[in-house]
Every structure is written in C-alpha cells, then in structure tokens.
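Values below: all heavy atoms of this structure, side chains included; hydrogens, waters and symmetry mates excluded. Reminder, nothing fancy here: chain letters follow the sequence lines and each chain counts from 1.
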Amino acid sequence: MELKNQKITMDDFINVRKEVLKTWQTGAQIADFDKCIEYASSVPKNKNFALKLKSAKMNHIVLIQPRAGVALVEDQIQLLQYLETEGEADLLPVTIDSYTRQNRYENCSLGIQESLRLCRSMLNGFPAVNHGIAGCRKLQESLTMPLQARHGTPDARLLSEIIHASGWTSNEGGGISYNIPYSKDVSLEKTIRDWQYCDRLAAIYEENGIPINREPFGPLTGTLVPPSMSNAIAIIEALLAATQGVKHITVGYGQCGNQIQDIAAIKALELQTDEYLHHYGFLNIVTTTVFHQWMGGFPKDEAKAYGAIANASVTAALAKVTKVIVKTPHEAFGIPTKEANANGLKCTKMVINLMEDQRAYMSKKLQEQVEIIKAETKCILDAVFEVGKGDLAIGVIEAFKRGILDVPFAPSIHTANKILPARDNYGAVRYLDAGNVPLSEELLNYNRFMLEKRAKLQKREVSFQMTVDDIFAVSEGRLVGRPERK
Amino acid sequence: MELKNQKITMDDFINVRKEVLKTWQTGAQIADFDKCIEYASSVPKNKNFALKLKSAKMNHIVLIQPRAGVALVEDQIQLLQYLETEGEADLLPVTIDSYTRQNRYENCSLGIQESLRLCRSMLNGFPAVNHGIAGCRKLQESLTMPLQARHGTPDARLLSEIIHASGWTSNEGGGISYNIPYSKDVSLEKTIRDWQYCDRLAAIYEENGIPINREPFGPLTGTLVPPSMSNAIAIIEALLAATQGVKHITVGYGQCGNQIQDIAAIKALELQTDEYLHHYGFLNIVTTTVFHQWMGGFPKDEAKAYGAIANASVTAALAKVTKVIVKTPHEAFGIPTKEANANGLKCTKMVINLMEDQRAYMSKKLQEQVEIIKAETKCILDAVFEVGKGDLAIGVIEAFKRGILDVPFAPSIHTANKILPARDNYGAVRYLDAGNVPLSEELLNYNRFMLEKRAKLQKREVSFQMTVDDIFAVSEGRLVGRPERK
Amino acid sequence: MNGKTVVIGVIGSDVHAVGNKIIDYALTHAGFKVVNVGVLSSQEDFINAAIETNADAIMVSSLYGHGEIDCQGFRDKCNESGLDNLILYIGGNIVVGKQDFVEVEARFKNLGFNRVYAPGVKIEAGIEDLKKDLNIKE
Amino acid sequence: MNGKTVVIGVIGSDVHAVGNKIIDYALTHAGFKVVNVGVLSSQEDFINAAIETNADAIMVSSLYGHGEIDCQGFRDKCNESGLDNLILYIGGNIVVGKQDFVEVEARFKNLGFNRVYAPGVKIEAGIEDLKKDLNIKE
Ligand code: B12
Ligand code: B12
C-alpha cells in the first residue's frame, strides 16, 4: 500500500493492529478493543489531559509538566505522586526508557531485573510495554493528574495501544519528530505510516467519547534549530494528525534563548497552525501550545541551572503558552532525583504564578520577528506541498530527500544535514547556511545580515566555529558564543 | 543654623567633623584628613566603585552585587573573597550591623565579644565603626572588587568618615531613605543635615581626585511602595547630593513585580533624574541605576526563592540597569550562609548573561506606564518645591508634614502614613488611597480605575484587605493577593 | 472584644515595621485590646506598657537577627516587675541565619519564653495559641 | 595528521548526536584519523571498525544513562577480537542520575576502560590524555 496522507480505514487499522499486538507478549492483553475503550471511558474527566489543556487555554493559564521515568511501577507511582504534591505539577508525564523506544523489549526485561537486584533504576525511563496494562493502569489509578507518555519512539504503535488502553490521555510524538532526532536509519515512510496508526488510534478513542491529546515533539534535536524549521514540522505533524481524526493537538517549541524570538515563534506557531488547519478544512480542532525550557546543554552549577529554568519560565509566561515542560537543576548530570525534579517544578511554578496576570505586549521588534518566522515557515511549507504534488505525506518524504526540510545535529541519515544554524548578536537563532531550505532571497539576506552583524562585533568571520561556540555557550553560562575567553 | 539646601562651607564642615570624630574612640585615628585622602588616593583605580559603574553604564553591562556582613574582620574577608570568586560578584558590599546603624557602638563591642566567644556571628552585619580604619582598610586591601557600605543609618557621619578613609568608594543612604524606613522618631531636619555632611564628605574626596559613588536607598520599606513615590524621593536625594558636590549618583528602585511597571519605573527614573539634575544646573554628573530584587517577604521554599530571584533578574536585564542587588535562597529565614549568598549571585549572573544582548522594546503599554509614572512623580516633586518655597531641603520637611511625601509601612512617626497601596489586577502597584499625595484628578482616577478592575474580577470591594493580601502574596507564591484560597 | 490585653512590639534596634502593623490589625480583629509599643523598643518599653495596661501577654517580634542578644534577661526583668505569670511569646526571624529551629526554640524557652515561633509562621497561629493559653472560648 | 586512528561513536540505544559531531570535528582538527560509527552503535560496531582500520583507540560516548548495561563485557570482546592493548575511553553522562563520580569511575575501570570522564568534561581534556597515552608530541 502506497503512503498517502489519508485516513486509515477501519479494516486496515484492525489488520495492522493484530500484527502490532503480537510484537510483545503484553499485547495479547488488549486484544479486545472494546474493553480498552470501556476502561478508558471509566477514567474521571478531571484526569483527561485534552480537557485540562483546553480549559487552561480558555482561562489563559500556563500549566507545568515535568519529565519523569524509572524502571519499576511502584517507584514510578511514588515518583509521580511526589511530583503532584510536593512538585505542584499540573500534568504528569511518563518518560519511556530508551530500549522501549527502540522496541528492544528484551533489554527492558534485563533492565527491570537489574533494577530490582541493585535497588536503583537501571533504565532511563519507564518500560510501559513490558509492564503492560496491569502496570500502566495501576500507575494511572494511583494519580490524580492527567497522564501522558513522553518518549522518542519511531515505532510507538504497541506502546500507544497500551497507554491509551490504560487511561493515559495524551501521547507525544510524530512521524518526523520521533524519527529524525531519535534514530539513525529508520525510513520516514515507515515512521510516518506508524504514526498515522498512532494518530488514528487516538482518534478512535476520541470518536468513542474519550478526548485524547496528541503532541508533536517540537524541539527536535534541541540544538539551535531555527524556529521556522521546527514550526514547519510541528504544523505538518498537526495536519497529519488531523487527517487521521485527532481533535486535540498541542504544538511545541523549544526555547532558543532570545526572548523576543521565542515569543514571536510561539505566536507564529499558534497563528499558522490554526491557519493551515482551517485552510485544509479542519475547523473544530482544539490547538494548544507547549514551550520546552532550554533543551540544549545545561550549566552544571545548580544555581545557574535554576537561572536558566526560571528565565525560560518568564518567556513561557509572557508568551502565555498552554504548558511548559520543565528542566531540573540536575539536567547537566543525569536523570534527576525526585527532589531535584520537584525543585525544577517549584521554581517554574513560582515564576508562572508571579507572571500569571502579565503577558508580552506587541512592539515593533516583536511584530517584525513574528513576520519573519511566518514568512520563513510559509516558504518551507509551500515547498513541501509542492514537491508532494498536493499530498503532505509524500511531500515530507520528498522534502527531506531534497533538504527542504532539514534538522541540524540530527542522528538520522534521512535528513540532508546541510543547514547550519548560529546565533545572531542578540542570541536569536538564524540560518548560517540554509542548505536547500527554500527561503526567499529577502529572507536569506536577512539571516545573513544578522550574522554578519555578529561577526563584525565579534571581529571574526561568519563560520562553523560560531555554531560550535554557540553549542557550548549556555552550559558555560552565556547565550551567544564568544571567539575566545580570557 | 537653619536647614537649607546649600553646600556646607569648609569651615562648618571642619567644625562638625571634630565633633563627629569624638562620638567613638576610633574617630581619633582619622583626625588628619589629608592622610585619609592620601590613603584613599592609593587605592587602585580598578577598585573604584564610581568608575566601575560608569564604565558599565557606557558598555550597557549589568553588574551584580550581594549583601553581606558579619561581625569579625577575618570572617568578613573570607566571606567577601568567596563572593568575589565563587559568587562572581562584580561589586562588593559591606552590610553594616543594626547597632552601628543606631550608633550604639557599645552594643557592637558586646556583639563582637559574643561572636568571638560563640564562634558564630552574633551581629547581623559588620560593625565598621568599631573596627575602625585598621579593620576597614585591611578588608579593602584583601579584595579585588570595589567596596560599598550598605546600611540604614540615620546618622552615618562617623561611619562614612571611616569607610572613605579606608578606601571604600561608595556609600549608600540619604536623609530620607535612611530615616523613614530605618527609624522611629529621628527628625528629618537632623537626618537631612547629617546626610548633607555625608554627601559633602564624598564630594571632598571627589574634589581631591577620588571619585566616590553615592546611592540613595531606593526601595524604602520594600513593601508596596508606589514607583512614583520612591522615584520622587530618589530624585530629591540625588539633587541634595549634587548640591553638596557629589558627582557619581546611583538612583535605585525596588522591584514591584509587574514587569512592565518595573521597566517603566526604571526608564522614568533614569529620564527624570537627569532632567531634574540638568534643570537645576547639574550638568556633569554620572547617574547610574540600581535595581533591587524583590524586597518584600520571600517564599521559604528555596526553589521558589530562586524563581523570584531569577524573575527579578530578567526584569533587570531587560531594563538594562547598571547594577542589581541580589537576594538569596535563604532570604525568608535569615542572614544567608556564604554558599547561599553565592548561589543567589550565580543564579542572577546566569540570567544576566543569558540576557546580556537583549533589552526591552517599547510597546504602547510600556510607553503608557512610563508616562503615568513620570506624571505622578512630577505632581509630587512640583508640590515639594512649592511648599519649600524653592528650597528643596525645607520642601522635604514640609512635604512630609503635609503628606505630600508619604511612605507606606514605615516605622517612622514623621511620615503621614496616609497612603495605602495595593496591586491592580496585573500586579502593578497603585495608590488605593493617595492620602495627601497631590496627584492630578486624572491620575487619581487612573489609579482608582485600575483597582476597581481588580475588585470586580476578584468579586470584592477595594479595601485594605487587598493590601494585606498583597503583603503576603509573594511569600505564598503569587504576586496578586487573592480574597480566599481554597 | 474578648477582654484580654496584649502588648506587641519589635525589640532592640530592629525597625521591621510591616509585620508589626499586620499583627496589630490581626489581634484587634480577633478581639484583643492591643497595646503596640512599635519598633525599636527596649525590654523596659514592653514591661512598662504591660504594667500600665495590666496586660495578659506580651508578644515580642524580632526580625533582624539580634533577638538572642536583645532578649537576655527579659523574663527576669518581668519577674522583678511583678509580672510573674505573664505569657511571653516571641516570633519573626529571631536568630541570625537559617538555623535548626528545634535548637533555637530550646534556647528561647530557656530565656523564659512560653512559645517560640519559626520564621514566617503567621500571626494567626500565635492567636490560636494565645486563645488556648488565656482560656478564651470562641 | 599525527598518524593515529581513533574510533568514536555513541553506544547502545543512545541517539545523542551533538557531542559525537563535536568530537569528530575536534579530533580531526587535532590531527587524528577519525572513524565515526555514529549513534546507536553496538559493541560489535566499535570493534569491527577498530579491526578494519587498525585503530589505536576507541572513544565511547554514552549520554543517555544506560552506559553501564551497554558496556558489560566490552573489554573481553576486544580481547577476544585480538585488540588486547587497545586504549578504551568512555565519557558523557555514563550512568543514570547524579552519582558520586569516584565510584562511577571505579565501576567503569573495572569494566576495562583506561579512562573515564565525568559529565560535561570537554573533549579537549580527552584529546590531551590521548596524546599522552599514544606518545604523540606536539
Ligand atoms: C540535547 C539533549 C537531547 C536531545 C538529543 C538530540 C540528539 N539526537 O542529539 C533529545 C531531546 C533528542 C534528547 C533525548 C533524550 N535524552 Co537527552 N539530553 C540532551 C542534553 C540537554 C544535551 C546533550 C548535548 O547535546 N550536549 C552538548 C554536547 C556538545 O555535549 P555532550 O553530549 O555532553 O558531549 C560532550 C562531553 O560530554 C564530552 N564527551 C562525550 N562523550 C565523550 C567521550 C570521551 C571519551 C570524552 C573524553 C569526552 C566525551 O565531549 C563532548 C563534546 O565536548 C543533555 C543534558 C545536558 N548535558 O545538559 C540531555 C541528557 C543527556 N538526555 C538524557 C535523557 C535521559 C534523554 C532521553 C532518554 C529522555 C528524555 N529526557 O527525553 C532521550 C534519549 C533518547 C535516546 N534513545 O538516546 C539524560 C541522560 C540521563 C542520565 N545519563 O542519567 C540527560 C543527561 C538529561 C537529564 N539530566 O536527564 N536529549
Ligand atoms: C522588608 C524587609 C526589610 C525592610 C523593612 C522595612 C520596614 N521598616 O519595615 C528594610 C529594607 C528596611 C529592611 C532592613 C533590614 N533588614 Co530586612 N527584611 C525584610 C524582609 C524581606 C521582609 C520582612 C517583612 O516585611 N515581611 C512581611 C511581614 C508581614 O512578615 P514578618 O515581618 O515576618 O511578620 C510576620 C511573621 O513573622 C509573624 N510574626 C512576627 N513576629 C511575631 C511574633 C509572634 C509572637 C508571632 C506568633 C508571630 C510573629 O507574624 C507576622 C505577620 O504574619 C525580610 C525577609 C523575609 N521575611 O522575606 C528581611 C529580613 C527580616 N531583614 C533582615 C536584615 C538583616 C535587615 C537589615 C539588618 C540589613 C539588610 N539586609 O538591609 C536591615 C535592618 C534594619 C534594622 N535596624 O532593623 C534579615 C534578618 C536576618 C536574620 N534574622 O538572620 C531578613 C530575614 C532578610 C535576610 N534573610 O537577611 N528589611
């Protein structure tokens, strides 16, 4: 069957489903789809992720959500309960471990055993597939806040089946955003198809009266991704999800660090997501936004990490995103303790509360940056539709082949790896080399101009060394990389 | 001799000086004024507070400065060395203990003894007068950053003599700002006169080639002071200082919490300080600004305290003040350990660095708030000059008597205590009751209107209970007080 | 009005006025007669006010860190003045720095205070205790 | 070019690619021949590349926390493949969470690594050590 951006038929879905459930033993437990839906229906509405986001959007409230995952069910329960109460989290995640993400469930079994034996988590997340609906439902039932799976799984079909059947009402990911930054050589054909399945699955729950939220992973590699590139990909994944019938979509963006550019990017993303959805006939979708606190290398010093966390929170509050994904003071070292995790949340909550009745006001500068990001994004999306000859799924495949879509610093061989980003003198991320990204002459000149300005001020050439300096800058305590430090 | 805003003659100065030096035994060591100046001249220029501020202003750099004071010289040296190196402080303070502030030097002696005996500081600051030039010079010589005395001393004449004679190149305070928030029943006549002396002293050093920075204490009681009131007082103290010949003045402002209002207040303060100085013929004064991180009750939770600290730092960075006075995660409890102090600094430094190439851009809202603060400040200052019949010192006395100048929550009986502040729905501090502050009808209406808006949204009356709720709000984790919490 | 009189104030060279104003407001609202000696008050100021008004309790505030020095001998002075059974509370930020509160409490109980409050404990808690200690029924 | 060959890559199910690209860039600039097996690489991927290119050292990166599991038996497998004296380094965020590094280092030395690097130690430090261990003069 040829890949196309169209709704999967129920027959096709059921056929694929049978195969998916066979890929690990816990799949058998959810063979009866109606029972899954029945269970999901029984979850109280105040634990519904999609509804909580919708109401936050309507009330201009910014919600906060941590990352958190450990190997064992009981530990995961304790961890998330702690983050609910002590951490004041509004939404809960289950961060899935990296073996599950690669569908290596045997490794997970080993990890679970070793964790039991050594009494510390040997996995960097929660192996939801191995725990099956027994563990996943128990977890959900032990908590009072809505639950979401957060992962990075190219083929998340079985995982998605198990979590929704356990009453988790949100799933992060997408055919691009959980492929390019998260794998080396998985084809986009396969991941787009597999995520069409995940989207269709969410939509079937929705059609059965259980709102399910889907969240494309906005930050991609988290490393100097120009806003227009991540926005374009978020909008594409929103359209792909909508095509499968998804009704609750959260588009995301990872902080770049220049406050004006970040606010502009969020505004552009909100506007253009709705514009494109409407243009393609999707009129009744609830779109919300998520802002990721700085996703690149973090400073090791905890006080400085707090500074980075709170600074990001101010931007989120000013941009009035629907939710913020929170980092912790342990970020530079490793998976945080539950205390460090709660501390990141409390620091964020404080800032969000202090700023709850405040927002960014439009200035000429902000308007300008919104326009630039929108224009760049439009150049990219126009080209994607063009090379897809009207079909978005095909367009994506073609666009990646040609470098129209291109993600910097990605592990995947399926991105052209031709663009090079760098910060301008104000810290905004620009295209140092746009590779084959089809920006207009004017936009290319603007990007170039802004970087030349930095080069002049820093008395050096525009070059890859700038990019390298920028990669280390934040972890070394500043935003814009410097040629040499004294 | 009648109080007037005019330069103290050298004769008068010398006469008073003799009396001042007698008030405690360490005064005798500095009887020879020329020797004091000689010593001060020998301090390297890179340790000059005034020059460092000037160069920061020219380069749009935001400097950071902690508070820090302990009882013993050796401990103070260790503390400040730690804050220089580990804390990355740009400017150093010596926070003076509360007995010295009340000129109770015998109590200080007891505090020093007890501190030696118990091996922990029993004083909340450094008793500089008791340590005399021996201790104060040793301290200054052990450090590489410029030193400032920070206190709250109504009569700081002896203290000022000792610190400048020890090569400390900045002195905080003023006849209003170190009286009204710091004493109960000291007359303004006396404190203005005593601070004219301190200003004249600084100016004499300046005239002898040693730039000395003077900093009126901006935040006053740190508790819901409307920006126009603190700005008016800062400008008055700048004018009083300039009259005595002071050339380096840092006007200050304590964060209120609404970002737009705070940035507007700084902009208004910068503009109007220069306007008034120029208008009264002071053309060659270097004015710089200081922003105090939240000065009211702090949250006890350290992660939340970091949130408050970093949020304030973002405002400071956007407003591009010359320096920031930094709080610590221990604020709600007590004098911080040196580690906690360094952590507050590092958190602040991180934010300042992340935002170093960014600033606030003008929006309609910001422009509006600048105009309002300027207009309110002008109403106040016009009235002060009027009731002083042209003499600013007399104007201040009269204005406080009549409630034209009025500081909320002050301990002093010499402020009318008639104004009541409260936050509007966006967290900006407004006049709930302007008392006798002569705001124009239009401005009174604006203040009232903004508070009515909050009252309506919170479904209650505009009342003192709002103020009470606002006093506790930040320490309880939000900015605007709420009628009831569930 | 519940007929009980409380002397409040801030001891020593301490000028923190905000909490004092709030305490005045809260005690008055709770029905007490409040005698406020204000900031910068000596032990004598408190004791004289208590004698003059025949007070039932003294609530000392100390915010600035010198509480330990300022309160030396307070109870003895009360006893000498014939205020033997007077209830004595203290609260605020009563020592220098962030110290272990159990120890701090013990030190101040030793100085003769009946109740000792940790930083940021709100006055409402003190009022509850006072009602208990003075047998005031709601 | 200094004539020495280093195999680099990220072990296990780990996709953190940024550091790997930086290491490639830095080693190349420092004169090494770099063989980059990239992210998501198994022990075999590293060993095969080392055999094929007759490498002098392997620099393993592990960022995602599973390093301890992924590296079990690595040195044995090297020995089995005849790479007995091969220099073996590892760096990144090699264990789960913020752990005492002295202990972590010991565990990985036990696994046969010659040098073990703490989180955020930059590649420049590794290059210095490598020059020492391979007797490369500047
Ligand atoms: C960016 C990032 C991501 C990006 C990666 C994009 C990509 N494909 O490259 C995304 C968002 C996709 C991501 C995903 C995940 N990440 Co991540 N990520 C980071 C982050 C923030 C920065 C990493 C980075 O790029 N640094 C910049 C580069 C230049 O530095 P570096 O990688 O450290 O490498 C330098 C040095 O370490 C050293 N070095 C490295 N290897 C070696 C080897 C030798 C021999 C020597 C001498 C030196 C050396 O030299 C390098 C250059 O100077 C770090 C935390 C941090 N450091 O702040 C977390 C972090 C590495 N991630 C982590 C985790 C858990 C994950 C996820 C499992 C789950 C999640 N949180 O989403 C997934 C993993 C998916 C997978 N299967 O691997 C954890 C690892 C936890 C642990 N070890 O306990 C970290 C530490 C965050 C945390 N505290 O939880 N991540
Ligand atoms: C605002 C403030 C100031 C203002 C005060 C303005 C004024 N005149 O009132 C200014 C800026 C002038 C100031 C000056 C100083 N301050 Co000050 N200040 C504060 C701050 C930030 C808030 C205090 C406040 O108003 N809180 C709000 C009110 C409503 O709460 P409260 O005072 O705590 O009172 C409540 C409770 O404690 C309780 N309570 C109080 N007393 C009692 C008694 C009983 C019996 C009971 C039951 C309850 C109770 O009920 C009250 C109402 O709910 C605190 C730190 C903090 N808490 O966040 C530092 C703090 C109190 N200050 C401190 C210090 C050291 C000073 C200075 C010496 C030096 C300096 N840092 O500048 C000078 C002191 C001058 C002097 N001689 O006293 C320290 C004290 C250190 C310590 N104990 O170890 C603190 C803790 C800050 C710190 N961490 O360093 N300060």
Side-chain angles (χ1 to χ4, degrees), chain A residues 86-88 257-261 294 299 301-315 317-318 329 339-340 342-366 423-428 454 457 473-474 476-480, chain B residues 87-88 257-261 294 299 301-315 317-318 329 339-340 342-366 368 423-428 454 457 473-474 476-480:
Chain A
E86 181 61 20
E88 306 174 28
N258 175 287
Q259 196 191 73
I260 293 284
Q261 185 181 47
W294 176 245
D301 181 90
E302 294 195 16
K304 293 194 175 187
Y306 277 116
I309 288 168
N311 177 50
S313 306
V314 173
T315 304
L318 288 173
E339 291 80 11
N343 284 339
L345 285 165
K346 284 186 287 183
C347 177
T348 302
K349 186 67 146 243
M350 183 73 196
V351 174
I352 297 293
N353 280 351
L354 285 175
M355 303 290 291
E356 74 181 329
D357 303 304
Q358 304 178 49
R359 62 177 178 84
Y361 290 92
M362 195 49 80
S363 62
K364 249 167 61 186
K365 188 81 191 170
L366 179 55
R423 295 189 186 280
D424 69 17
N425 197 54
Y426 310 98
R454 165 177 172 189
L457 280 157
V474 172
E476 287 171 3
R478 44 172 24 103
L479 187 62
V480 183
Chain B
E88 305 173 29
N258 174 287
Q259 197 192 72
I260 292 284
Q261 185 182 45
W294 176 245
D301 183 271
E302 294 195 15
K304 292 193 176 187
Y306 277 116
I309 289 168
N311 177 51
S313 307
V314 173
T315 303
L318 287 173
E339 291 81 10
N343 283 339
L345 285 164
K346 284 187 285 183
C347 176
T348 302
K349 187 68 144 241
M350 182 74 196
V351 174
I352 297 293
N353 280 352
L354 285 175
M355 303 289 292
E356 73 181 329
D357 303 304
Q358 304 178 48
R359 62 176 178 85
Y361 290 93
M362 195 48 81
S363 62
K364 247 168 60 188
K365 188 80 191 171
L366 179 54
E368 173 196 290
R423 295 188 184 282
D424 68 17
N425 197 55
Y426 311 98
R454 166 176 172 191
L457 281 156
V474 171
E476 287 171 4
R478 43 171 27 99
L479 186 62
V480 183

Q. Taking atom CG of B:Asn353 and atom CG of A:Asn311, what is their separation to the nearest 0.5 Å?
A. 11.0 Å
Q | Residue part contacting chain B, namely of A:Asn258, when any heavy atom lies under 4.5 Å | A | both
Q) Quick one: what part of B:Ile352 sits under 4.5 Å from any heavy atom of chain A, side chain, backbone, both or neither? A) neither
Q.
If I compare all heavy atoms of B:Ser363 with all of A:Tyr361, which pair ends up nearest, and what's the gap?
A. OG-CB, 3.7 Å
(Q) If I compare all heavy atoms of A:Pro299 with all of B:Met350, which pair ends up nearest, and what's the gap? (A) CG-CE, 3.8 Å
Q.
Suppose we screen for side chain to side chain donor-acceptor pair (under 3.5 Å). Which residues come up paired with B:Lys349, at least two apart in sequence or across chains?
A. B:Asp90
Q | Separation of B:Asp357 CG from A:Arg454 CZ (nearest 0.5 Å) | A | 9.5 Å
Q) How close do B:Ala310 and A:Ala310 get, heavy atom to heavy atom, and via which atoms? A) CB-CB, 3.1 Å
Q: Identify which part of B:Asn343 has an atom lying under 4.5 Å from any heavy atom of chain A, answering side chain, backbone, both or neither.
A: both
Q.
Could you measure the distance from the CG atom of A:Leu354 to the NZ atom of B:Lys304? Nearest 0.5 Å is fine.
A. 10.0 Å
(Q) Just so I understand: if I count every heavy-atom pair under 4.5 Å between each of B:Met362, B:Met355, B:Glu302, B:Glu356 and chain A, which residue has the most? (A) B:Glu356
Q. Given that the side chain runs from C-beta out, which part of B:Glu339 has a heavy atom under 4.5 Å from chain A: side chain, backbone, both or neither?
A. neither
Q.
Please enumerate all residues that pass salt bridge (Lys or Arg N to Asp or Glu O under 4.0 Å) together with A:Arg423, with sequence neighbours excluded.
A. none
Q. When you measure from the side chain of B:Gln358 to the backbone N and O of A:Gly257, does any donor-acceptor pair fall under 3.5 Å?
A. yes
**Q.** B:Pro329 versus chain A, the contacting section by heavy-atom distance below 4.5 Å
**A.** neither
Q. Roughly how far, to the nearest 0.5 Å, is OH of A:Tyr426 from CZ of B:Arg359?
A. 8.5 Å
Q | Best-contacting candidate, B:Ile309, B:Leu345, B:Leu318, against chain A by heavy atom pairs under 4.5 angstrom | A | B:Leu318
